Amino acid sequence: MDKIQVVGGKELRGRVEISGAKNAALPAMAAALLTPETVRLENIPYVRDILTTRALLEYMGVDAKVSKDGAGTFKAADIEALEAPYELVRTMRASILVLGPMLARFKRARVSLPGGCAIGARPINLHLQGLEKMGAKCDVSHGYVEAYTTGLQGACIRFETVTVTGTENLMMAAVLADGETILDNAACEPEVENLADMLRAMGAEIEGDGTCLIRIRGVKELKGCLHRIIPDRIEAGTFAIAAAITRGDVEIAECNPGHLTAVLNQLSLVGAEITLGETGFRVRGHTGISSKNLTTHPYPAFPTDMQAQYMALMTQGDGTSVITETIFENRFMHALELVRMGADIKMEGRQAAVCGGRLLTGANVQASDLRASASLILAGLAAEGETIIDRVYHLDRGYARIEEKMAGIGAEIKRIS
Ligand code: EPZ
């Protein structure tokens, strides 16, 4: 099993280009199920979750191709299996995103329940409640959702909790439903907007994406399209913290700074110098990092997917910061590994108090999930000596060639196979 070796103490300098967003590409690939015509996607990140989704679509009968240069073509003309099997879904929860499109176009679907993961229980009750409001029948048995409908109807759906893939799944179900659907308290993430742009290019009628009230008028059928995946704001944020924690000077290119406002504001607050550009931004870290409290919330607030990376930075703060995680109930697994590197972190429920100003020392640590693995790399960059990170298969799920990109801006980092 691969490991990542990091030797700390190097200031990062240079330019790094950001890949496409995993969390935008996954729903876009699922949306290809909505039409028999060819869907072309650009700027797809070549990461493991994308390959798992391709395998799932191929299993269903989609002619699915994804190349390392980010191009993808998908043709769902001859669907053979209206099923997402446990073997594929268990490795990637986002497989649930095929449920809405399958029900909308084929009126039935069998999808394995994703189950929980390291960061929380992550139920899908809001997805199923929304589909049932649209007239579907969703039975859960033997670890599968068996869903069917005589034809989805438009409905008014209010989410009790903001859910990103819940919003995306119901948006994809509603585009072929009979009548109008209103999604209230919907997720406003840029990935939701990117999906709405794609669905409109396919002929869908959608308004309000990017706000918490989305209106969808169903149409009879959808056509193929060419669609570009937005840059990965979480990858960009991860590199921004790499620059700050190493006191470096890095230009983060091929991304949309507007998708990172809350993150960049927080980095300015703790003392990093941020210079915004059109398609990128520059981060200059300075000697002092101020300890500042943080609370995660749905977009446009500070994202939970940047919390672990921020915690690594706060281990180098000049005082104590309190980090409050409001989205997932168990997203502090990285803290225990940071403590192994010498950090002083005390956790209670969904709060962690990080006492900064302590030198981190390199150690053997293990990743528990995608963003936790990124935070351990960041800590390794700031630590004295060598850090070996185990279970990097978590990292490969969502970061494309991160160690090569980090080495390209001066990090002493490599993969040990
Ligand atoms: C998406 O997950 C992202 N994944 C996650 O990124 C991200 O952490 C999360 O949104 C929050 O921003 C993808 O887009 C593929 P949610 P999702 O439904 O949609 C509760 C990464 O690192 N909830 O918005 O699964 C849920 O338990 C990943 O790239 C219900 O209770 O998250 C959580 O507490 C990790 N019932 C909250 O809502 C439901 O039916 C938000 O979860 C659905 C969600």
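Read the numbers this way: they start at 1 and go in the same order the structure lists the ligands and their atoms. Owing to the predicted nature of the structure, the values given are computational and were not obtained by experimental measurement. Scope of the values below: all heavy atoms of this structure, side chains included, with no hydrogens, waters or symmetry mates.
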When you compare the side chains of Glu189 and His259, does any donor N or O come within less than 3.5 Å of an acceptor on the partner? no
Gln351 and Thr324: side-chain donor and acceptor closer than 3.5 Å? yes
Are side-chain N/O atoms of Glu337 and Gln366 paired as donor and acceptor at under 3.5 Å? no
Stacked cation flag Arg110 on Tyr144, 6.0 angstrom / 45 deg: yes
Is the gap between the ring centers of Phe302 and Tyr310 under 6.0 Å? yes
Provide the full list of salt bridge (Lys or Arg N to Asp or Glu O under 4.0 Å) pairs with a residue in residues 162-174, sequence neighbours left out, each pair given once. none
Can you list every pair where an N/O of ligand 1 is under 3.5 Å from an N/O on the protein?
from: ligand 1; atom 1: 2 (O); to: Arg122; atom 2: NH2; distance (Å): 3.2
from: ligand 1; atom 1: 6 (O); to: Asn23; atom 2: ND2; distance (Å): 3.4
from: ligand 1; atom 1: 6 (O); to: Asp305; atom 2: OD2; distance (Å): 2.9
from: ligand 1; atom 1: 8 (O); to: Asp305; atom 2: OD1; distance (Å): 2.6
from: ligand 1; atom 1: 8 (O); to: Asp305; atom 2: OD2; distance (Å): 3.4
from: ligand 1; atom 1: 18 (O); to: Thr163; atom 2: OG1; distance (Å): 2.6
from: ligand 1; atom 1: 19 (O); to: Thr165; atom 2: N; distance (Å): 2.8
from: ligand 1; atom 1: 19 (O); to: Thr165; atom 2: OG1; distance (Å): 2.6
from: ligand 1; atom 1: 22 (O); to: Arg331; atom 2: NH2; distance (Å): 3.4
from: ligand 1; atom 1: 22 (O); to: Arg371; atom 2: NE; distance (Å): 2.8
from: ligand 1; atom 1: 24 (O); to: Val164; atom 2: N; distance (Å): 2.8
from: ligand 1; atom 1: 25 (O); to: Arg122; atom 2: NH2; distance (Å): 2.9
from: ligand 1; atom 1: 29 (O); to: Lys22; atom 2: NZ; distance (Å): 3.0
from: ligand 1; atom 1: 29 (O); to: Asn23; atom 2: ND2; distance (Å): 3.1
from: ligand 1; atom 1: 29 (O); to: Arg371; atom 2: NH2; distance (Å): 2.8
from: ligand 1; atom 1: 34 (O); to: Ile327; atom 2: O; distance (Å): 2.6
from: ligand 1; atom 1: 36 (N); to: Pro123; atom 2: O; distance (Å): 3.4
from: ligand 1; atom 1: 36 (N); to: Asn125; atom 2: OD1; distance (Å): 2.7
from: ligand 1; atom 1: 40 (O); to: Pro123; atom 2: O; distance (Å): 3.3
from: ligand 1; atom 1: 40 (O); to: Asn125; atom 2: N; distance (Å): 3.2
from: ligand 1; atom 1: 40 (O); to: Asn125; atom 2: OD1; distance (Å): 3.2
from: ligand 1; atom 1: 40 (O); to: Leu126; atom 2: N; distance (Å): 2.8

